[in-house]
Amino acid sequence: MRTLISNCSGRAIGTLQITALLSMGLTGLSSAVAAERWYTTEQIEQGRAVFQEHCASCHGGEAQGLVEDWQTADENGRYPPPPLNGSAHAWHHALPVLRRTIHKGNVELGGQMPGFVDKIGELDTDAAIAYFQSFWSDEVYATWLENSGPVKVAEEKVEEAAGGRDTAAVTARLAARLPRGARLGPPEQTPIGGVYQVKAGNAYVYLSGDGRYALIGDMLDLTTGENLTERRRAGDRLGLLKGFPDADKVVFMAQGEEKARLDIFTDTSCPYCRKLHAEVPQLRNAGVTVRYLPFPRGGTKGSGYADLKAVWCAADRAAAMDIAKGTAQGRLGDGDCDAAGAVDRGYLLGQQVGITGTPAILLPDGRLQAGYLPAKQLIELLGLARAR
Ligand code: HEC
């Protein structure tokens with residue numbers, strides 16, 4: 001990981017954690033938490049009735065099977081009805097295969113299982129499957145899920161939806177692969193066929209259409225040189241920033257004509273924020289307006305928290321910021337007012353934006369400069385350096 005030497009780091013959140021989350025979800029589902037089942041308890045109840053009426057006579061009322069030696073064929077090579085409660089073979093079959101067996105039966109294939117396509121509809125078929133799967137242990141279910149569960153079903157759907165445009169199917173597949181707590185955005189197609197971009201937490205990951213392979217990294221367009229992932233992140237940041245009203249920022253207006261604006265997440269207790277603050281006059285002279293957002297990097301327990309609140313409660317916030325950052329003498333008032341709520345909101349927003357330390361400087365195009373940069377360099381980054 002990159003070492004940030006020019007900022008004050010907060011608590012580590014972000015990519016690393018997501019990577020761990022993903023690798024856990026993508027490799028060890030069966031060994032991890034019990035997988036969430038695809039069906040509801042209502043479906044089990046509905047399926048119980050269906051099963052008693054149509055299936056129990058051969059497979060047993062609790063899908064336990066009625067013939068002990070279900071693995072031995074008779075002299076005609078036919079097998080008795082097997083248990084469907086997870087003790088036999090049924091978990092080898094993907095959902096569409098189970099549905100097909102129930103609808104069409106196996107007679108055509110030389111078996112004895114009758115087809116039910118004329119007797120029970122699709123919903124009752126699924127309910128019957130839900131019923132006998134409700135007897136499966138978590139272990140059996142997880143094995144099924146991993147090998148042939150809804151993941152495979154979704155795959156079929158994607159193939160049907162020519163070109164794999166069925167993003168709902170990709171979502172379903174991912175939800176099946178990933179641990180429950182994962183915050184996933186909707187999958188989007190990328191310029192690379194069959195590769196989807198998904199937002200997981202604050203990070204973007206790329207997934208193969210079958211949800212099996214994940215790429216963690218940035219996607220570059222080598223013809224234009226553009227970092228497509230970063231462009232997305234920049235857009236996300238600007239979108240998030242819109243949720244924080246300008247009136248809640250501490251603003252240092254450009255001198256004369258305003259040429260650019262910087263939004264800077266700051267913590268009064270951070271030495272690099274103070275260093276940058278001392279150069280704010282230089283920025284203002286160059287036509288840059290600085291708008292501060294509060295980011296108490298230690299959260300509510302950090303030393304900056306109380307001071308930031310005091311700044312936000314002050315009648316003249318800019319003057320209070322100067323005092324808090326040591327560029328002016330004076331005393332801070334108290335931080336007990338409604339406006340202090342902005343400090344908590346700033347902290348939340350910073351986390352959503354993916355900020356881990358201060359100062360964090362957002363450029364007008366959404367680029368993020370993590371850590372201190374001298375004013376001169378910032379002015380260059382903004383394209384405002386005076387042409388020679
Ligand atoms: C007349 C007896 C009979 C009835 C009724 C019956 N089945 Fe079957 N089923 C079988 C037999 C026999 C097999 C074994 C495969 C074969 O030879 O067809 C089987 C196999 C299956 C399988 C595949 C199991 C595996 O391990 O491969 C499923 C799933 C299944 N049945 C579900 C049902 C459901 C659900 C119903 C009710 C809607 C039902 N069956 C009703 C006789 C029956």
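Just so you know, ligand 1 is whichever comes first in the structure, and atom 1 is the first atom listed for that ligand. The model shown is predicted, which means the values in this text are computed figures rather than measured ones. All residue numbers in this chain count up from 1 along the given sequence.
- For the side chain to side chain contact (heavy atoms under 4.5 Å, CB included) test, residues two or more places apart in sequence or in another chain that qualify with Asp307 are Thr268, Leu332.
- Taking distance alone, with nitrogen or oxygen atoms compared against 3.5 Å, Phe132 stays at or beyond that limit from ligand 1.
- Of the polar atoms of His54, none of the N or O atoms is found under 3.5 Å from an N or O of ligand 1, judged by distance alone.
- With a 4.0 Å cut-off on non-hydrogen atoms, Leu84 touches ligand 1 through its side chain and not its backbone.
- The closest approach of His59 to atom 8 (Fe) of ligand 1, by N/O/S atoms, is made by NE2.
- Each of the atoms 12 (C), 16 (C), 17 (O), 18 (O) of ligand 1 lies under 4.0 Å from some heavy atom of Gln112.
- Of all atoms in ligand 1, listed by their number and element, those nearer than 4.0 Å to a heavy atom of Ile102 are 32 (C), 35 (C).
- At a heavy-atom cutoff of 4.0 Å, ligand 1 is contacted by the side chain of Pro82 but not by its backbone.
- For the ligand labelled ligand 1, residue Pro114 lies inside the 4.0 Å heavy-atom shell.
- Side-chain contact check for Thr289 and Glu258: at least one donor-acceptor pair (N or O, by modelled atom type) lies under 3.5 Å.
- Aromatic pair Phe132/His59: ring centres not closer than 6.0 Å.
- Sorted by first and then second residue, the ring-ring contact (aromatic ring centres under 6.0 Å, His included) pairs with a member in residues 353-380 form an empty list; sequence neighbours excluded.
- Taking the six-membered ring where the residue is Trp, the centroids of Trp136 and Trp144 are separated by under 6.0 Å.
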Given the rule in the side-chain contact (heavy atoms from CB on, under 4.5 Å) test, do Leu215 and Tyr204 qualify, once you have shown the distances and angles that lead to the verdict?
CA-CA 9 Å; Leu215 299 162; Tyr204 278 104; over 6 Å; no
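- Residue-ligand proximity, Leu98 to ligand 1, at heavy-atom distances under 4.0 Å covers atoms 29 (C).
- Residue side and main chain included, Met113 places an N/O/S atom under 2.8 Å of atom 8 (Fe) of ligand 1.
- Using a cut-off of 4.0 Å between Lys/Arg side-chain N and Asp/Glu carboxylate O, Asp236 and Arg233 are scored as not salt-bridged.
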